Amino acid sequence: QVQLVESGGGSVQAGGSLRLACAASGFTTSTYHMAWFRQAPGKEREGVTAILRDGSTSYADSVKGRFTISKDNAKNTLYLQMNSLEPEDTAMYYCAAGYGGAYDPLTRVRSAFRYWGQGTQVTVSA
């Protein structure tokens, strides 16, 4: 049974940093493409960053240079290092995993990812 559990969210001031973690079980992170999505109140869920099985990554323009995705296959854990946080980064952050199928996971479309965590809240105050 595939399970994804996010942690590390919290409240920070603008300019601060947070590191999110996503613990995976029921599969190994080396075999799936993985990603972080976020959803702010009243907005659609958007793909923030993705990392493929081969280590290739992609980022939304809004987070390039500030966020870094990584994974530790030995720990079966996905990470998101978030620096220089802005109030606009406030959202529920979700971890996702999948094979992509007909969709290119580097484009960070939701349909490329089959499994989802429950989310962790990130709040950035001005």
Side-chain angles (χ1 to χ4, degrees):
Q1 179 180 352
V2 172
Q3 190 172 13
L4 299 169
V5 179
E6 302 95 336
S7 62
S11 297
V12 296
Q13 289 189 329
S17 298
L18 283 173
R19 188 193 194 203
L20 306 184
C22 171
S25 59
F27 72 102
T28 55
T29 54
S30 61
T31 62
Y32 275 70
H33 307 310
M34 299 191 74
W36 288 97
F37 285 72
R38 67 185 181 187
Q39 187 166 17
K43 295 187 177 181
E44 292 190 358
R45 192 171 298 188
E46 64 169 341
V48 176
T49 177
I51 184 166
L52 303 192
R53 289 175 293 187
D54 66 2
S56 302
T57 59
S58 72
Y59 294 89
D61 288 343
S62 60
V63 305
K64 280 181 181 176
R66 301 188 298 121
F67 290 12
T68 303
I69 189 171
S70 64
K71 60 178 178 174
D72 185 334
N73 291 330
K75 294 183 178 180
N76 232 32
T77 302
L78 178 74
Y79 299 99
L80 180 63
Q81 179 66 45
M82 305 186 294
N83 298 328
S84 302
L85 282 161
E86 303 169 353
E88 293 74 23
D89 296 317
T90 294
M92 186 72 79
Y93 283 71
Y94 299 91
C95 170
Y99 283 128
Y103 302 91
D104 181 357
L106 282 177
T107 64
R108 303 179 305 280
V109 294
R110 293 180 62 174
S111 297
F113 301 93
R114 178 178 180 182
Y115 302 105
W116 295 82
Q118 293 302 304
T120 185
Q121 177 68 37
V122 172
T123 302
V124 184
S125 58

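For the single chain, residues carry numbers from 1 onward in sequence order. Predicted model, so just to flag it, every value in this text is computed and none were measured.
For residues 75-113, the disulfide bond (SG atoms under 2.5 Å apart) pairs, not counting sequence neighbours, are Cys22-Cys95.
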Before you tell me yes or no, could you show the steps for Val63 and Met82 under side chain to side chain contact (heavy atoms under 4.5 Å, CB included), namely the whole-Å CA-CA distance, both residues' side-chain angles and the distance that decides it to 0.1 Å? CA-CA 9 Å; Val63 305; Met82 305 186 294; over 6 Å; no

From CA spacing to verdict: side chain to side chain contact (heavy atoms under 4.5 Å, CB included), Val122, Arg38: CA-CA 9 Å; Val122 172; Arg38 67 185 181 187; over 6 Å; no

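A centroid separation of 6.0 Å or more is found between the aromatic rings of Tyr59 and Phe67. Taking the centre of each ring, Phe113 and Phe37 come in below the 6.0 Å mark.
Within the 4.5 Å cutoff, the side chain of Tyr79 has no heavy atoms near those of the Ile51 side chain. Using a 4.5 Å heavy-atom cutoff, the side chains of Lys75 and Thr29 are not in contact. Residues Gln13 and Leu85 fail the side-chain proximity criterion, which asks for heavy atoms closer than 4.5 Å. Between Tyr32 and Tyr115 the shortest side-chain heavy-atom distance falls below 4.5 Å. For the pair Leu80/Thr68, no side-chain contact is recorded, criterion being any heavy-atom separation below 4.5 Å from C-beta on. Two residues are said to be in side-chain contact when any heavy atoms from C-beta on lie closer than 4.5 Å; Leu106 and Arg108 fail this criterion.
Cluster membership check: Tyr103 does not share its hydrophobic cluster with Met34, using side-chain heavy-atom separations under 4.5 Å among Ile, Leu, Val, Met, Phe, Trp and Tyr. Hydrophobic clustering places Tyr99 together with Ile69 (ILVMFWY residues linked when any side-chain heavy atoms are closer than 4.5 Å, directly or through intermediates). Placement of Val2 and Leu78 within a single hydrophobic cluster is found when ILVMFWY residues are connected by side-chain heavy-atom separations under 4.5 Å, directly or transitively.
Pairing each heavy atom of Asn83 with each of Ser17, the nearest pair is OD1-OG, 3.0 Å. Residues Ala50 and Pro105 approach most closely at CB-O, 3.6 Å, considering heavy atoms. The shortest non-hydrogen separation linking Met92 to Gly119 is SD-C, 3.7 Å.
The backbone N or O of Asn76 sits nowhere less than 3.5 Å from a side-chain atom of Lys71 that would complete a donor-acceptor pair. A donor-acceptor pair under 3.5 Å is absent between the side-chain atoms of Trp36 and the main chain of Leu20, judged by distance alone. A distance-only check finds no donor-acceptor pair linking the side chain of Ser84 to the backbone of Arg66 [under 3.5 Å]. Remark: side-chain polar atoms of Ser30 are not paired, donor with acceptor, to backbone N or O of Asn73 under 3.5 angstrom.
More than 12 heavy atoms of other residues, nucleotides or ligands lie within 6.0 Å of CD in Gln121, so this atom counts as buried by the packing criterion.
With Glu6 as the partner, the side-chain contact (heavy atoms from CB on, under 4.5 Å) test is satisfied by one option alone out of Trp116, Tyr94, Tyr93: Tyr94.
Checking Arg53 against Thr31 by side-chain atom types alone, no donor-acceptor pair falls below 3.5 Å. Side-chain N/O atoms of Asp72 and Thr77 include no donor and acceptor closer than 3.5 Å.
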